[in-house]
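Predicted, not measured: the structure shown is a model, and the values here were computed from it. Order of listing sets the numbers, starting from 1, for every ligand and every atom in it. Quick note: residue numbers are just sequence positions, from 1.
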Amino acid sequence: MTDLDAAETLVASTDVTGRLTLSSLVKDFGTGSRAVDGIHLNIEPGEFVTLLGPSGCGKTTTLRMIAGFESPTSGSVDLDGVDMISVPPNKRPMSMVFQSYALFPHMSVRENVAYGLRLRREPAAQRDHDVDLALTSMNLVAMADRAPNQLSGGQQQRVALARAMVMKPKVLLFDEPLSNLDAKLREQMRLEIRRLQRRLGITSVYVTHDQAEAMAMSDRVVVMNKGRIEQAAPPDEIYRKPASVFVADFIGRANFLPVTVVGSSTDGMVDVDVLGQRVAVPHHLDAPGSDSPVLLVRPESIRLQPAPDGQTIAGRTGRVLATVFYGEHVEFEVEMEHGTLLAVVSDPELSALPAEDDLVSVGFSPSKVWLLPA
Ligand code: ATP
């Protein structure tokens, strides 16, 4: 039996529902500003949703309210239409995976995984069967009798995952589970968790401040700021069509070019004057009529061409301030009239690249930019 088959067998008997609804959720610790300030979020059965945002934006508090470790000041958490607020954490059909693994040091791997089922008074035969499947699914059979301190960080996190899964939860909650692992292992575990979650179809809510992790794993990324949701959308939409300058700036790297809107919107496109030329660009609904909108251009969408000798075009010509070689890509800082631009060239042909102090003509592909209200 493969690891994934084992995992699937384990949860096959579960009624995989898990529709999670957060309504007007508020947490006020009485510190002057609300940690969570009125969150509405519907999470579909089987969906993998990541809460992402800067430190202190309320991700963990939201997760802890879903788990029941924190009581909301107001609002509701429903699971499949059942109000969870009055249900204690250990009675909610949810399992949480923590950053610190939170394993019992005096118990073996097997005992750690079996612990929740023991508390639930699962009959021994069923318990052993499920623990075996969970250990197989996480490739832990060979180390079932070891103590947690005889395992690497990655292996300990696998045990934590097995322990969460064995409970056959309707919802899996993850609180920055990979932050204690080194970069390579983190990437590997990221894919593994995602693969497992897809196969099992367990609704998952994942908290991280690592945007690459959020983008790589999620069906939907929920970007939070100061206790509120700025945007909840699939990763590509978050990246290409951010709802605000905050989201655009938080996810990936961004250039914001000043523009003048010169037409009215047709089919989601509007004419703007930018970099000394007039182009039609896609836009956020509120952008064309807003005060001083800005054009989001990602560094990889910028095109740099050598400016013919001594010839500068107002607004479009810049001077290369710095070039940084990273192997698979080169970054350029270009000084423009309005400020500094960041451009990235992937898989570069080194001989054809501009050098520091060169004059360059700056362009971009209009379909890849996004006009935003400032
Ligand atoms: P991080 O990425 O740093 O963990 P976060 O987005 O998860 O941040 P939270 O831990 O949810 O943020 O905290 C949100 C706000 O609530 C912060 O300002 C934090 O200081 C505050 N806060 C969290 N827990 C408590 C508490 N028990 N008592 C008082 N304030 C708290």
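- Residue pairs meeting the salt bridge (Lys or Arg N to Asp or Glu O under 4.0 Å) criterion with at least one partner in residues 35-61, sequence neighbours excluded, are R19-E44, R34-D37, D37-R228, E47-R220.
- For the ligand labelled ligand 1, residue G53 lies outside the 4.0 Å heavy-atom shell.
- Protein heavy atom in closest approach to atom 11 (O) of ligand 1: T61 OG1, 2.5 Å.
- No side-chain donor from either of Q277 and D273 sits under 3.5 Å from a side-chain acceptor of the other.
- Look at P54 and you'll find a heavy atom under 4.0 Å from some atom of ligand 1.
- Summary of contacts: the protein heavy atom closest to atom 3 (O) of ligand 1 is S55 OG, 2.6 Å.
- Considering backbone and side-chain atoms alike, T62 places every N or O at 3.5 Å or more from each N or O of ligand 1.
- Counting only heavy atoms, the protein never gets under 4.0 Å from atom 20 (O) of ligand 1.
- Few gaps surround CG on L191; more than 12 heavy atoms of other groups in view lie less than 6.0 Å from it.
- Nearest non-hydrogen protein atom to atom 5 (P) of ligand 1 is G56 N, 3.6 Å.
- Closest to atom 16 (O) of ligand 1 among all protein heavy atoms lies A35 CB, 3.2 Å.
- Remark: minimum distance from atom 2 (O) of ligand 1 to any protein heavy atom is reached at K59 NZ, 2.9 Å.
- Few gaps surround CD on E356; more than 12 heavy atoms of other groups in view lie less than 6.0 Å from it.
- Remark: R121 CZ is loosely packed, at most 12 non-hydrogen atoms of other residues, nucleotides or ligands lying under 6.0 Å away.
- Other residues, nucleotides and ligands contribute more than 12 heavy atoms inside 6.0 Å of the CG atom of D236.
- Closest to atom 23 (C) of ligand 1 among all protein heavy atoms lies F29 CE1, 3.5 Å.
- Shortest contact from atom 4 (O) of ligand 1 to any protein heavy atom: T60 OG1, 3.6 Å.
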Show me the donor-acceptor pairs, under 3.5 Å and distance only, between side chains in residues 249-262 and residues at least two apart or in other chains.
residue, atom, partner, partner atom, Å
R253, NH1, E331, OE1, 3.4
R253, NH1, E331, OE2, 3.4
R253, NH2, E331, OE2, 2.6
N255, OD1, L342, N, 2.9
N255, ND2, V297, O, 3.2
N255, ND2, L342, O, 2.8

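- Checking side-chain atoms of D210 against main-chain N and O of A212 turns up a donor-acceptor pair under 3.5 Å.
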